[in-house]
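To start, the structure under review is shown below, and the notes come after it.
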Amino acid sequence: MAKDLIIVESPTKAKTLGKFLGKNYIIKASMGHIRDLPKKEIGIDIEGGFKPKYVTDRSKAKVIKQLKESAKQSDAIYLAPDHDREGEAIAWHLQHILKDVSKGKHVFRIIFNEITKRAVTEALEKPGEIDQLKVDSQQARRILDRLVGYSISPLLWKVISGGLSAGRVQSVALRIICEREEAIKAFKKTEYWTIEADFFKNELNPFHSVLHRWKDEKPTLNNKNETDSILSTIENKDFHISDKKVSNRKIHPLPPFITSTLQQESSKIYNFSSKKTMMIAQQLYEGVDINGESTALISYMRTDSLRLSQEALSSVRKYIGDNYGDDKLYQKERVYKNKSSAQDAHEAIRPTDVKHVPERLKDSLSPDHYKLYSLIWQRTIATQMIPVEVQTINLEIAGGDALFKASGGTITNPGFLEVYKHLKLNMGENIDSSYKVKDGLQKNNLKGHQHFTKPPARYSEATLIKELEAKGIGRPSTYSSITSTIKERQYVDIMEKKFFPTELGMAVNKFLVDRFDEVFNVEFTKVLEDGLDKVAEGKNDWQSLLKDYYGKIDKLIKSTDIRKAKNSLDVQTDIKCDKCGAPMVIKWGRRGRFLGCSNYPNCSNIKNFYNDENGDIKIEKPEILDEKCPQDEGSLVVKNSRYGKFIGCSNYPKCKYTRKLTLGIKCPKCLNGEIVANKDKKGRTFYGCSSYPECKFISNNKPKNVQCPECDNNYLEETSGKLVCPKCKTDYS
């Protein structure tokens, strides 16, 4: 008897499905996309209506062969990639690849929000067809990104340096970071002062207060003299409580997680990158090993929807009543509404079964899996619990012409905080409820405090994602790749969890904004994202959208003057050329910034440089070796190339003698050559043998010329901040 074939993306997902579907199905994994645009050409027939040219992934030849063999043996084929546009496109490509072996057979598209027996069984009972509108939307997005990458990136190579890239969304994210950096640099701090004091009565706890009104006006204190003038007037005044207001307020729980909020919270609480968060969430969705069985713990993790299914709501509310008591259960189902109905078919990120309590699974999960799953589970449970109740006390303290204010709060009922403890509430001052109006007060620590206005804060990964979401830039599935790409391209550095644009990033942004402001701006990108959503809803034609967009960038590309663009990035300096006396300018080249003579091409003098701690330019002096060139007796110096350091003759270009600069460590493979530091085309450092290509030794870990005390190996390696022997694996950290 023939079986039905189910095709998913990953082996883990296939394993989880196999646990409860039994022997009636063949379950195979496509390992992601099996077709895509070609890598070495644009792959789009622009004149022919932007028709894409798809090619089969060569690395998937074995997978495709197995899928075709399984399809031949099956009665029906169920395409079950993820429930989003990317998954719809994968299903569409699978349908195309299998069309020859699926003739006369039913080919269905099934979707499910969670990998549970109930959800998958329901999907199999009500199979559907591929949603061509979603496929068109995904194709349009993919083609747009290809048009940008293949049209504008080559201009970056000519103007700045090879290997750079422009992206339809990543470039806007970079612009947001760069504009914030420019605002920080342009910021001028302003001095201001506050007057503060501690007040108390008898044995009651003192509370801190700030001057709120002076002579019935808000005080504006710009310097110490103004502050001291008021202090001298009120220091001997008697103070009393002139007003007291007691109020109660309720703080309701936050909505369940969507993709962006999960990335933001895991970044703030656990310092997870968005890439790491999505990797862990994918594994929790597809299934992790629990007591020897692959178990899916959460629903689909790429979603904009705040909706929880009726079944999920009922199970959460029952769990709260059974385990925390009915008094902790909110009186009615708390429903969160989306701003848009575009993703209403999806659900928020939630546990597949609330009975999978994180603490009970702790021994079966890795620490990172446990942290993220706990966060999702707790947030989901909290949505149906009673609010936090807070009593707030606001006091006004009068003395002469001065009016101080103090406020504080006390949690009277923790509500959902019993489960979701990550919400930080600012309670203000601890004000004893015994304080009454007309109470005379004693004062202490009456002082003026100097302050300075602060510049805007740099973006963290969490706040950048929040900003992108608020401005409608990108979609849930893209946030991780956006932040990862700008880091990998070295457009930004991460310091103290904040994005700092590099000089390269600032240069790339300047060029793109100067020449392509019309398309690389927030508003245009948002409109384009909305247009892609409308394609998926059947309200917009994808080819018309592409035609309008490409028309804009093509016009801008054709009007770009490469020489003028390069010159616009040059920065004049007051350093004189030591060969002709003309001013030197900062230029961009393949290996980054350098000083070049403004008298070029008459003078081709160049210098490498760096900026000291004050930002001043310091010319790098070549490292001269105590060794002469074997060809012309010139001094040998250490030089830099795009592939790393090397030794060359100081009389270049007259003498072109070079040799590799080694680390003085014998190659462990051939024992003849020595280890050298190299760089690949993307600027990443790796270590190989000086005898290459005869010896193909390679390592990503930096060797240290230290002998291993344990096994006498001639060197150790730096691995994740530790010193480890590559031979005996002894850790010397």
Side-chain angles (χ1 to χ4, degrees), residues 151-167 170-172 174-186 486 489-493 500-521 553 556-622 639-643 652-653 679 681-683:
S151 301
I152 299 179
S153 295
L155 297 181
L156 286 173
W157 306 344
K158 296 174 183 178
V159 172
I160 301 176
S161 176
L164 303 179
S165 70
Q170 82 181 44
S171 297
V172 179
L174 176 63
R175 178 174 183 169
I176 290 171
I177 293 170
C178 290
E179 287 178 347
R180 177 60 57 88
E181 192 68 22
E182 289 165 358
I184 292 170
K185 289 179 179 178
I486 59 177
R489 293 291 180 186
Q490 298 179 359
Y491 295 162
V492 296
D493 286 330
F500 286 74
T502 62
E503 289 171 337
L504 175 61
M506 294 292 279
V508 168
N509 180 65
K510 184 179 186 307
F511 169 70
L512 293 177
V513 171
D514 285 350
R515 292 301 313 139
F516 298 94
D517 175 61
E518 188 177 340
V519 292
F520 289 136
N521 67 68
I553 63 171
L556 293 170
I557 289 168
K558 288 176 179 176
S559 66
T560 299
D561 186 312
I562 298 299
R563 183 179 292 277
K564 285 183 179 179
K566 286 178 73 73
N567 291 338
S568 71
L569 296 175
D570 291 350
V571 178
Q572 298 291 328
T573 74
D574 56 4
I575 298 173
K576 300 297 183 184
C577 174
D578 57 4
K579 291 188 177 180
C580 74
M584 301 288 278
V585 296
I586 298 174
K587 291 180 170 289
W588 281 92
R590 280 188 168 187
R591 290 186 283 119
R593 298 187 311 157
F594 66 94
L595 283 173
C597 183
S598 59
N599 196 25
Y600 179 84
N602 297 323
C603 177
S604 56
N605 186 21
I606 61 171
K607 301 282 184 182
N608 290 323
F609 74 96
Y610 64 94
N611 294 105
D612 64 14
E613 61 274 10
N614 297 318
D616 296 330
I617 295 173
K618 299 293 181 183
I619 294 175
E620 289 182 3
K621 294 181 180 179
K639 297 186 174 186
N640 275 307
S641 78
R642 62 185 301 197
Y643 297 114
Y652 178 86
K679 288 185 179 180
K681 291 181 179 179
K682 292 186 177 180

**Report entry** Lys579 and Cys597: CA distance, side-chain angles, deciding distance, side-chain contact (heavy atoms from CB on, under 4.5 Å) verdict
**Finding:** CA-CA 9 Å; Lys579 291 188 177 180; Cys597 183; over 6 Å; no
Query raised in the report: Are Glu620 and Lys607 close enough, and set up right, to give a salt bridge (Lys or Arg N to Asp or Glu O under 4.0 Å), and what steps lead you there?
Result: CA-CA 7 Å; Glu620 289 182 3; Lys607 301 282 184 182; over 6 Å; no
Query raised in the report: Could you walk me through whether Phe520 and Val513 pass the side-chain contact (heavy atoms from CB on, under 4.5 Å) check?
Result: CA-CA 7 Å; Phe520 289 136; Val513 171; 6.0 Å; no
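Within the 4.5 Å cutoff, the side chain of Thr573 has heavy atoms near those of the Ile617 side chain. Using a 4.5 Å heavy-atom cutoff, the side chains of Phe609 and Asn611 are in contact. You'll find the side chain of Leu164 reaches within 4.5 Å of the side chain of Val508, heavy atoms only. In this structure, Ile177 and Arg180 have side chains that are not in contact, with every pair of non-hydrogen atoms separated by 4.5 Å or more. Residues Ile619 and Leu595 meet the side-chain proximity criterion, which asks for heavy atoms closer than 4.5 Å. Using a 4.5 Å heavy-atom cutoff, the side chains of Tyr600 and Lys587 are not in contact. Counting heavy atoms from C-beta on, the side chains of Phe516 and Asn521 never come closer than 4.5 Å. The side-chain heavy atoms of Tyr491 and Met506, taken from C-beta on, include no pair separated by under 4.5 Å.
For the atom pair Phe511 CZ and Ile152 CD1, the distance stands at 8.0 Å (nearest 0.5 Å). Note that the CG atom of Asn599 and the CG atom of Asn602 stand 4.5 Å from one another [nearest 0.5 Å]. Here the CG-CG distance, from Asn509 to Leu504, works out to 11.0 Å after rounding to the nearest 0.5 Å. Distance CG/Asn605 to OG/Ser598: 10.5 Å, rounded to 0.5 Å. Considering NZ of Lys158 and CD1 of Ile562, their distance stands at 5.5 Å, rounded to 0.5 Å. Note that CE of Met584 is 12.0 Å distant from CG of Asp574, once rounded to the nearest 0.5 Å.
At least one donor-acceptor pair closer than 3.5 Å links the side chain of Thr560 to the backbone N or O of Leu556. At distances below 3.5 Å, at least one donor-acceptor pair connects side-chain atoms of Ser153 with backbone N or O atoms of Ala166. Without hydrogens or angle criteria, Ser171 side chain to Gly167 main chain gives a donor-acceptor distance under 3.5 Å. Using a distance-only test at 3.5 Å, with no hydrogens or angles considered, no donor-acceptor pair links the side chain of Arg593 to the main chain of Glu503.
With sequence neighbours excluded, no residue satisfies side-chain hydrogen bond (donor to acceptor under 3.5 Å, both in side chains) with Asp493. Residues satisfying the side-chain hydrogen bond (donor to acceptor under 3.5 Å, both in side chains) criterion with Arg175, sequence neighbours excluded, are Glu179, Asp517.
Taking both residues in full, the closest heavy atoms of Pro583 and Lys576 are given as CG-NZ, 4.2 Å, listed atom of the first, atom of the second, then distance. Here the closest heavy-atom approach between residue Gln490 and residue Thr502 is recorded as O-OG1, 2.7 Å. Among all heavy-atom pairs drawn from Cys580 and Cys577, the shortest one is N-SG, 3.5 Å.
Between Lys510 and Asp514, at least one side-chain nitrogen of the basic residue sits less than 4.0 Å from a carboxylate oxygen of the acidic one, meeting the salt-bridge criterion.
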